[in-house]
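Structure first, commentary second.
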Amino acid sequence: MPTEKDFTDVIYGLSRKRGFFWGPSPEIYGGTAGFYDLGPLGKLLKNRLEGQIRAAFVRANFWEVECPIVSPAVVWKASGHLEGFIDPVTRCTKCGQAYRADTLIEEEFPDAHIHGLSLEALTEKIQELGVVCPSCGGALGPVEQYNLMLRTRVGLDTEAYLRPETATTTYLLFKRLLTFFRHRLPASVFQIGKAFRNEISPRQGMLRLREFTQVEGQIFLLDSHEQDWAPFSGIADRRLPLLPYQLQESGTETPLDITVGEALDKGYFQTPAYAWCVHLAYSIFRDMGFGEDVMRLRQHLPEERAHYAADAWDVEIHTRSFGWVECCGVHDRGDYDLSRHQKYSKERLSVKVDKKPVIPNVLEIAFGVERPLYCLIDNAYVEDEERTWLRFPSPVAPIQVAVFPLMGKPELVGPAREIYNTLLNSGLVVYYDQGGSIGRRYRRQDEIGTPFCITVDYDTLEDHTVTVRDRDSMAQVRVKCSELTSTLHSLVRSETTFASLAADPT
RNA sequence: GCGGCCGUUGUCUAGGGGUUAGGAUGCAGGCCUUCCAAGCCUGUGGCCCGGGUUCGAUUCCCGGCGGCCGCACCA
């Protein structure tokens with residue numbers, strides 16, 4: 001097994017070689033940091049993850065929508081992203097080093113009142129206080145904006161931005177959604193789509209992208225719903241690995257193992273509805289194939305929270321490449337967003353409660369797909385003296401079944417191709433291979449995580465059975481051709497295990 | 001964005017001012033082969049991009065792009 005230091009290289013090497021992801025894109029022009037291409041296997045894997053995510057949201061009674069990626073500036077003024085996404089930056093005139101102007105001033109002069117100051121005022125403040133470059137002592141230049149949103153232009157001169165999150169575009173639909181939901185709250189919607197962040201210097205490849213696919217689920221609800229959340233009873237006894245902020249502040253890294261109900265009683269969660277969302281986020285990541293041992297839920301420290309968040313918990317996944325990785329945020333956004341959009345759009349975004357207008361709250365589950373995608377490959381990678389393989393859970397494996405003739409002889413190739421076509425037509429993603437020795441073909445499939453391989457041999461011609469070979473155990477069991485399709489569908493969906501099939505062959 | 005190191009076939013790498021740029025592996029075709037990267041033959045494919053120095057640059061210099069590490073950034 002490679003050391004942790006080299007592990008990233010192992011995953012990137014394998015991904016490049018086998019076609020999971022390539023980049024930075026566009027590679028033939030040297031690439032731009034923060035942009036990656038998905039190869040055929042990466043796209044299959046991502047589709048499977050999105051499929052699991054979509055199914056989980058639908059089961060939880062969320063409805064999917066899709067909004068434009070580009071929105072005019074006013075949307076982002078309203079959402080707060082034009083303020084929140086712009087960092088005041090100052091640059092040393094001598095060594096060129098760039099700093100966040102506000103944090104720099106605060107570090108040296110904690111008592112300076114700089115909150116809410118304009119760029120000009122910050123520039124003046126730096127001169128007034130005599131703040132200089134911490135690394136070389138040179139004079140600092142004027143404070144300018146660094147915008148983390150990608151700007152574009154619509155038509156001739158309409159200022160617009162590529163969305164830095166999908167959530168805001170979902171909120172813009174609120175009036176329409178109210179009609180769709182026949183004015184009944186709570187109402188839950190989600191969106192899966194591209195979002196863009198113009199990171200200053202993205203590193204860590206797939207984990208920090210300038211363009212990525214975001215999944216964001218939103219629940220519109222009232223204060224009363226947050227306390228009286230019917231689905232909560234169904235999950236109150238589920239256990240979660242929780243790392244509340246108080247625990248982190250005391251230096252603990254080991255999460256509590258307590259039930260959702262207990263966590264609520266102890267005040268780690270403010271409301272049953274929010275607790276339910278955290279559990280839903282956790283279960284979505286379970287569905288994507290992460291084991292309990294590599295997952296934990298970490299609460300944001302109060303100073304970590306985003307401009308809109310009243311409370312925030314993250315789903316974190318453990319990787320061999322980077323240790324714990326933040327993969328999903330669960331936010332209580334309160335009525336911040338709808339209030340802002342009501343104010344800026346002058347549209348009524350309230351509902352009537354006891355004949356009074358009330359702006360609903362929003363609970364949000366937000367994550368990018370590329371992070372779990374990377375983490376899943378990272379977690380799936382196994383290497384021993386004999387072989388290298390990806391231990392994807394069958395339901396998310398990119399290629400589900402491979403079909404081989406034992407040798408490239410016509411009498412075996414014919415039936416093997418027939419089986420391949422049958423399986424392909426049944427809806428499975430199947431790979432046919434007759435090149436090289438049978439062992440080499442097994443290894444090829446191991447390395448891309450194909451859970452099951454079918455081999456047609458001379459016995460097949462006699463008794464119409466084939467061997468089904470299990471990726472993880474390398475064990476084989478003979479299955480009748482007539483039952484092959486249904487057996488494989490069942491195996492791939494993890495409805496039956498290979499072990500049980502081996503114990504009770506058809 | 002700053003500083004340091006780095007950039008050779010698909011992957012891993014050797015080399016180095018004039019080389020047919022070498023190896024391993026992969027991949028393709030063939031022979032062989034009755035279940036786990038066997039063997040043999042043939043083939044495939046490379047010096048990140050742009051300038052400069054030089055008779056000549058993949059090699060040296062400058063810039064760009066990208067990667068890694070540190071600082072900053074990660075709403």
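Each chain gets a letter, A, B and so on, in the order the sequences are listed, and its residues count up from 1.
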Counting distance only, does the side-chain N/O of S79(A) pair as donor-acceptor with the main-chain N or O of W76(A) below 3.5 Å? yes
G26(B) and G45(B): how far apart are their C1' atoms, nearest whole angstrom? 11 Å
State whether the distance check finds a donor on one side and an acceptor on the other, under 3.5 Å, for side chain R208(A) versus base C73(B). yes
Without swapping roles, check the side chain of R320(A) against the backbone of Y381(A) for a donor-acceptor pair under 3.5 Å. yes
To the nearest Å, give me how far apart CE (M206(A)) and C1' (G67(B)) are. 16 Å
Assign T32(A) to base, sugar-phosphate, or nothing according to its heavy-atom contacts below 4.0 angstrom with the strands shown. sugar-phosphate
Who is the Watson-Crick or G-U wobble partner of G70(B), with both distances under 3.5 Å? C2(B)
With a 3.5 Å limit on both atom pairs, tell me what C55(B) is paired to, counting Watson-Crick and G-U wobble, or say none. G18(B)
Under 4.0 Å between any heavy atoms, over every strand shown, what does G13(A) touch: base, sugar-phosphate, or nothing? Just pick one. nothing
For the pair made of CZ in R440(A) and C1' in A28(B), what is the distance, rounded to whole Å? 12 Å
Does NZ or CZ of R163(A) lie under 6.0 Å from the centre of the six-membered ring of F196(A), at an angle within 45° of the ring axis? no
Side-chain N,O (S437(A)) to OP1/OP2 (A38(B)) below 4.0 Å: yes
Taking pairing as Watson-Crick or G-U wobble with both contacts under 3.5 Å, can you name the mate of C12(B), or confirm there isn't one? G23(B)
Measure from NZ or CZ of R298(A) to the centre of the six-membered ring of W313(A), then state whether that distance is under 6.0 Å and the direction lies within 45° of the axis. no
Checking only heavy atoms, does the side chain of Q476(A) share a donor-acceptor pair with the base of C35(B) at less than 3.5 Å? yes
Looking at the base of C36(B), is there any donor atom on it, or on the side chain of R469(A), that sits under 3.5 Å from an acceptor on the other one? yes
E364(A) backbone acceptor or donor facing R333(A) side chain under 3.5 Å: no
May I ask you to say what R444(A) touches in the nucleic acid, namely base, sugar-phosphate or nothing, with a heavy-atom cut-off under 4.0 Å? sugar-phosphate
Who is the Watson-Crick or G-U wobble partner of C35(B), with both distances under 3.5 Å? none
What I want to check is whether an N or O donor and acceptor connect the side chain of Y29(A) with the base of C48(B) at under 3.5 Å. no
Across all strands shown, which nucleotide pairs with G46(B) by Watson-Crick or G-U wobble geometry, both distances under 3.5 Å? none
Please say whether the positively charged group of R441(A), taken as NZ for Lys or CZ for Arg, lies over the ring of F404(A), i.e. under 6.0 angstrom from the six-membered ring centre and within 45 degrees of the axis. yes
Just how far, in rounded Å, is C1' of C27(B) from CG of D433(A)? 12 Å
Regarding R16(A), tell me which of base, sugar-phosphate or nothing describes its non-hydrogen contacts under 4.0 Å with the strands shown. sugar-phosphate
What nucleic acid atoms does E27(A) come within less than 4.0 Å of, heavy atoms only: base, sugar-phosphate, or nothing? nothing
When the distance from NZ of K17(A) to P of C27(B) is rounded to whole Å, what number comes out? 8 Å
Expressed as a whole number of angstroms, how long is the span from R18(A):CZ to U25(B):P? 15 Å
Does the C73(B) base have a donor-acceptor partner in the side chain of S201(A) within less than 3.5 Å? no
Between CD1 of I438(A) and C1' of A37(B) the distance, given in whole Å, is 12 Å
